[in-house]
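Below: the structure, in structure tokens.
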Amino acid sequence: MEPLIELQNITKKFTEPVEFRALDDISLTINKGEFVCITGPSGSGKSTLLYILSTLDSVYEGDYYCAGTKMNGLTQNQLADFRNENIGFVFQFHYLLPEFTVLENVMIPAIRRNVEPKEIIRKNALDILDLLGVADQAEKSANKLSGGQQQRVAIARALINKPKIIMGDEPTGNLDSVNSKNVLQILKNLRTTIGQTVIIVTHDEHFALASDRQIKIKDGKIEQS
């Protein structure tokens, strides 16, 4: 398999209220097209690991390579450009803008990136909404949708820039069991149909067991990978 992410001896320290290691000498490879879940108890370091993987946290020791690019040493503007091109995010709360339609919410990241004409972005957004089964909601205000529909739209928004990686922080944490299963199936289908790489932090045991691989974190160290 083709490595997409490589972490080499990553250590993350915090100094307040006392110095401690949130991540302690983490080395890890994630391959292209893998569906990986990061699990562990609260305070284990899994969210810290996700922040580093997502390039939102760039202060750490060790080396991080993503899609052939070394992340540490890049400027904040370079990291932002890399995120916009390569990483799509799905969070526990969908963070859709209620004053915009579903379609407009999905289009926003691509419009900000500004590399394609607006009519192409609109077509791509409609295609993704159709793939996720919510194209019929495209002209509705985002706040008129159910929780499960809103999370589907959030996934569509994460896909609009055709990222290499989808990253999620408890994406089913605010959903009931039926919608949690739906989101899981959507992410698995994306991996199967378009080869999407998916990295999810979750407490949901059922969700984690359905992934290709679990990376279990405890006390800042990898317990299982």
Please check: side-chain N/O of Thr11 versus main-chain N/O of Asp25, any donor-acceptor pairing under 3.5 Å? yes
Would you call Ile166 and Leu159 a side-chain contact if the rule is heavy atoms closer than 4.5 Å? yes
Sequence-distant partners of Glu34, salt bridge (Lys or Arg N to Asp or Glu O under 4.0 Å), two or more places apart: Arg213
Is the backbone N or O of Asn9 less than 3.5 Å from a side-chain atom of Ser27, with the two atoms forming a donor-acceptor pair by type? yes
Under 3.5 Å donor-acceptor pairs involving side-chain atoms of residues 134-143, not counting sequence neighbours:
| residue | atom | partner | partner atom | Å |
| --- | --- | --- | --- | --- |
| Gln137 | OE1 | Lys140 | NZ | 2.9 |

Passing candidate, side chain to side chain contact (heavy atoms under 4.5 Å, CB included) with Ile160, options Asn105, Ile128, Ile108: Ile128
So, using salt bridge (Lys or Arg N to Asp or Glu O under 4.0 Å) as the criterion, who are the partners of Asp57 when residues are at least two apart? Lys12
Is a donor on one side and an acceptor on the other found under 3.5 Å between the side chain of Asn72 and the backbone of Gly62? yes
Under 3.5 Å, is there a donor-acceptor pair between the side chain of Ser211 and the main chain of Ala208? yes
Any side-chain to backbone donor/acceptor pair from Ser44 onto Lys218? Under 3.5 Å, distance only. no
With sequence neighbours excluded, tell me which residues meet salt bridge (Lys or Arg N to Asp or Glu O under 4.0 Å) with Arg21. Asp24
Hey, does Ile5 have a side-chain heavy atom less than 4.5 Å from the side chain of Tyr64? yes
Residue set satisfying side chain to side chain contact (heavy atoms under 4.5 Å, CB included) with Thr29, at least two apart, ordered chain then number -> Pro3, Glu6, Asn31
Considering only heavy atoms from C-beta outward, does the side chain of Ile200 approach that of Val36 to under 4.5 Å? no
Go through it in stages, so that I can follow the logic: the residues are Ser180 and Phe207, the test is side-chain contact (heavy atoms from CB on, under 4.5 Å), and I'd like the CA-CA distance, side-chain angles, deciding distance and then a yes or no. CA-CA 8 Å; Ser180 293; Phe207 198 105; 5.8 Å; no
Would you kindly confirm whether Val106 and Phe100 end up in one hydrophobic cluster when ILVMFWY residues are joined by side chain heavy atoms under 4.5 Å apart? no
Quick note, salt bridge (Lys or Arg N to Asp or Glu O under 4.0 Å) partners involving residues 63-74, not counting sequence neighbours, are Asp63-Lys70
Between Ile186 and Ile155, is any pair of side-chain heavy atoms under 4.5 Å apart? yes
Under 4.5 Å between any side-chain heavy atoms of Ile30 and Ile215, yes or no? yes
When every non-hydrogen atom of Pro109 is compared with those of Asn161, the smallest separation belongs to O-ND2, 3.5 Å
Looking at residues at least two apart in the chain, or sitting in another chain, which of them share a side chain to side chain donor-acceptor pair (under 3.5 Å) with Gln185? Asn189
Cluster link Leu4 to Leu28, ILVMFWY, side chain under 4.5 Å: yes
With side chains defined as the heavy atoms from C-beta onward, is the minimum distance between Leu184 and Phe35 less than 4.5 Å? yes
Is there a donor-acceptor pair under 3.5 Å between the side chain of Asn86 and the backbone N or O of Phe82? yes
Tell me, which pairs form a salt bridge (Lys or Arg N to Asp or Glu O under 4.0 Å) where one or both residues lie in residues 181-197, sequence neighbours left out? Arg191-Asp212
Taking the side chain as every heavy atom from C-beta outward, state whether Lys216 and Ile222 have any pair of such atoms under 4.5 Å apart. no
Does Phe14 sit in a hydrophobic cluster with other residues, and if so which ones, taking ILVMFWY side chains as linked at heavy-atom separations under 4.5 Å, directly or through other members? Phe20
Please check if atom CD in Gln78 has more than 12 non-hydrogen atoms from other residues, nucleotides or ligands closer than 6.0 Å. yes
Among all residues two or more places apart in sequence or in another chain, which pass the salt bridge (Lys or Arg N to Asp or Glu O under 4.0 Å) test with Glu61? Lys13
Test side chain to side chain donor-acceptor pair (under 3.5 Å) applied to Thr101 - qualifying residues, sequence neighbours left out: Glu104
Which pair of non-hydrogen atoms, one from Gly33 and one from Thr197, has the smallest distance, and what is that distance? N-OG1, 2.7 Å
When the side chains of residues 46-53 are checked against the rest of the protein, which donor-acceptor pairs come out under 3.5 Å, sequence neighbours left out?
| residue | atom | partner | partner atom | Å |
| --- | --- | --- | --- | --- |
| Lys46 | NZ | Gly40 | O | 2.9 |
| Lys46 | NZ | Pro41 | O | 3.3 |
| Lys46 | NZ | His203 | NE2 | 3.3 |

Does the side chain of Ser58 come within less than 4.5 Å of Leu74's, by heavy atoms? no
Check step by step if side-chain contact (heavy atoms from CB on, under 4.5 Å) holds for Asp204 and Glu170. CA-CA 8 Å; Asp204 186 330; Glu170 300 286 359; 5.7 Å; no
